[in-house]
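Take a look at the structure below.
By convention here, the first residue in the shown sequence is residue 1. The analysis underlying the following values was restricted to heavy atoms, covering all of them including side chains, and did not include hydrogens, waters or symmetry mates.
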Amino acid sequence: MVVFAARKVGQVVSNVGGNGVGQILAAIAAALLFRLFSGPGPALVPENEPDGESENDDVAGDEAPVTGKVSPVTIRWSNITCSLSDKSSKSVRFLLKNVSGEAKPGRLLAIMGPSGSGKTTLLNVLAGQLMASPRLHLSGRLEVNGRPSSNKAYKFAFVRQEDLFFSQLTVRETLSIAAELQLPNLSSVEEKDEYVNNLLFKLGLVSCADTNVGDAKVRGISGGEKKRLSLACELMASPSVIFADEPTTGLDAFQAEKVMETLQQLAQDGHTVICSIHQPRGSVYGKFDDIILLTEGALVYAGPAHDEPLQYFSKFGLSLDLGSLLLIVLATSASMLMLWLCS
Ligand SMILES: Nc1ncnc2c1ncn2[C@@H]1O[C@H](COP(=O)(O)OP(=O)(O)OP(=O)(O)O)[C@@H](O)[C@H]1O
């Protein structure tokens, strides 16, 4: 868990905070202040840099099996800072500020925060999808199984917000074609059919296996089923790590829960699962093992989900239920928190 200067922050809170909502705003603002004043980290290790000493050499590589066992991957990052300068390089905007955390195999990590807080940016940085450029500056440290490393060291899947499918194919046809293209090791038709049937079962797609995917004009499978189909396609590469950007966006409560159940199951199967999520319902939140709370690119909390965030904020003299805590953190901008603290 991220350890803030608890005692100092606690003093600030007790000086300015009242009860309930006021106190929690003060605590979060104080935590943010602490984060903002800590220094930037070293540059991200470039992809071609030779690997350094390793505490754990078990980095998942190409030898991972096509199906079944997942090679365990732990990703650690520290002091990730991402800034964007304007065309004239006169002003710089920080998208991420000294963000640290960890994602472990067998656990589902949710990156949470209000809109624009940097969730997708962090997800892209962790997945190696965001490259430094003359305008985009990235610094910090990213480790895979204890080694400074890039995403090339392990197999990963990235499930994006938009799903791209051929609307006139059925779910089964979509998976069969994907298996044909991605799994040349499965030589016989029977083997491929069995593989596809297993995937349909695992992802809860049996009942819609022979339904067309559809699109905006012709109704097909539901949004949640589409998201699970995306996951099924991605799973063919036997990824150790699954990144999912806002997997529940646009889904109703039932479908959102089913998608998160799938991600939870994949984590339990040994994958390291990292998703970004805007405002999860309680039932969805209950499926997370770990969370990262961001506000305006700054880290508010990183650690176990469930009751631990409450215990963490209770160090600042707060006693709110989880629903209220999340509501406030996820709906309040850092600048509002700062304003409140200084008022
Ligand atoms: N390439 C870019 N150029 C300019 N601004 C960017 C770029 N990438 C991200 N941003 C800005 O950085 C901030 C964080 O964006 P990001 O997409 O990470 O937020 P988010 O928390 O995922 O938001 P949402 O929940 O709305 O998807 C936003 O204000 C966004 O406009």
Is the shortest side-chain heavy-atom distance between [X] and [Y] below 4.5 Å?
| X | Y | value |
| --- | --- | --- |
| Pro105 | Val70 | no |
| Leu122 | Trp77 | yes |
| Ile242 | Glu234 | no |
| Ser176 | Lys192 | no |
| Glu173 | Asp210 | no |
| Thr81 | Phe94 | yes |
| Asn98 | Leu299 | no |

Rounded at 0.5 Å granularity, tell me how far [atom1] in [X] sits from [atom2] in [Y].
| X | Y | atom1 | atom2 | value |
| --- | --- | --- | --- | --- |
| Ser276 | Leu294 | OG | CG | 10.0 Å |
| Leu136 | Leu138 | CG | CG | 5.0 Å |
| Phe243 | Cys275 | CZ | SG | 11.5 Å |
| Gln268 | Lys287 | CD | NZ | 10.0 Å |
| Glu261 | Leu266 | CD | CG | 11.5 Å |
| Leu108 | Ile291 | CG | CD1 | 11.5 Å |

Can a donor-acceptor pair be found, under 3.5 Å and without considering hydrogens, that links the side chain of [X] to the backbone of [Y]?
| X | Y | answer |
| --- | --- | --- |
| Ser240 | Ser71 | yes |
| Thr211 | Gly220 | no |
| Thr74 | Lys104 | no |
| Ser230 | Val159 | no |
| His271 | Pro239 | yes |
| Arg135 | Ser85 | yes |
| Lys227 | Gln161 | yes |
| Lys258 | Glu225 | no |
| Lys119 | Gly113 | yes |

Minimum heavy-atom separation for [X] and [Y], please, with both atom names.
| X | Y | result |
| --- | --- | --- |
| Ser100 | Ser78 | OG-CA, 3.3 Å |
| Cys208 | Ile221 | CB-CG2, 4.0 Å |
| Gly146 | Glu143 | CA-OE1, 3.9 Å |
| Glu102 | Leu109 | O-CD2, 3.9 Å |
| Ser117 | Thr295 | CB-CA, 4.1 Å |
| Val259 | Gly224 | CG2-O, 3.7 Å |

With the threshold set at 4.0 Å, does a side-chain nitrogen-carboxylate oxygen contact exist between Lys202 and Asp269? yes
Would you check, one step at a time, whether the test side chain to side chain contact (heavy atoms under 4.5 Å, CB included) holds for Leu229 with Leu203? CA-CA 8 Å; Leu229 180 58; Leu203 277 291; over 6 Å; no
Under the side-chain contact (heavy atoms from CB on, under 4.5 Å) test, residues paired with Asn124 that sit two or more places apart: Thr120, Gln129, Leu130, Phe158, Arg160
Tell me, please, which residues at least two apart from Gln255 pass side-chain contact (heavy atoms from CB on, under 4.5 Å). Ser222, Arg228, Leu251, Asp252
If hydrophobic clusters are built by linking Ile, Leu, Val, Met, Phe, Trp and Tyr wherever their side-chain heavy atoms come under 4.5 Å apart, do Leu293 and Leu310 end up in the same one? yes
For the hydrophobic clusters of this structure (ILVMFWY residues joined by side-chain heavy atoms under 4.5 Å, transitively), does one cluster hold both Met236 and Phe201? yes
Which is it for Tyr154 and Asn145 under the side chain to side chain contact (heavy atoms under 4.5 Å, CB included) test, yes or no, and what are the steps along the way? CA-CA 10 Å; Tyr154 62 92; Asn145 285 348; over 6 Å; no
Assess the residue pair Ser283 and Met260 against the criterion (side chain to side chain contact (heavy atoms under 4.5 Å, CB included)); give the C-alpha distance rounded to whole Å, side-chain angles, the decisive distance to 0.1 Å, and a yes or no. CA-CA 10 Å; Ser283 56; Met260 290 316 300; over 6 Å; no
Run through Leu235, Val171, Leu231, Leu205 and flag the one making a side chain to side chain contact (heavy atoms under 4.5 Å, CB included) with Leu199. Leu235
Enclosure of Gln168 CD (heavy-atom neighbours >12, cutoff 6.0 Å): no
Take atom CD in Glu194; do more than 12 heavy atoms of anything else shown fall under 6.0 Å from it? no
Carefully, step by step, assess Cys233 and Leu175 under the rule side chain to side chain contact (heavy atoms under 4.5 Å, CB included). CA-CA 6 Å; Cys233 291; Leu175 287 178; 4.0 Å; yes
Any donor-acceptor N or O pair under 3.5 Å, side chains Arg219, Asn212: no
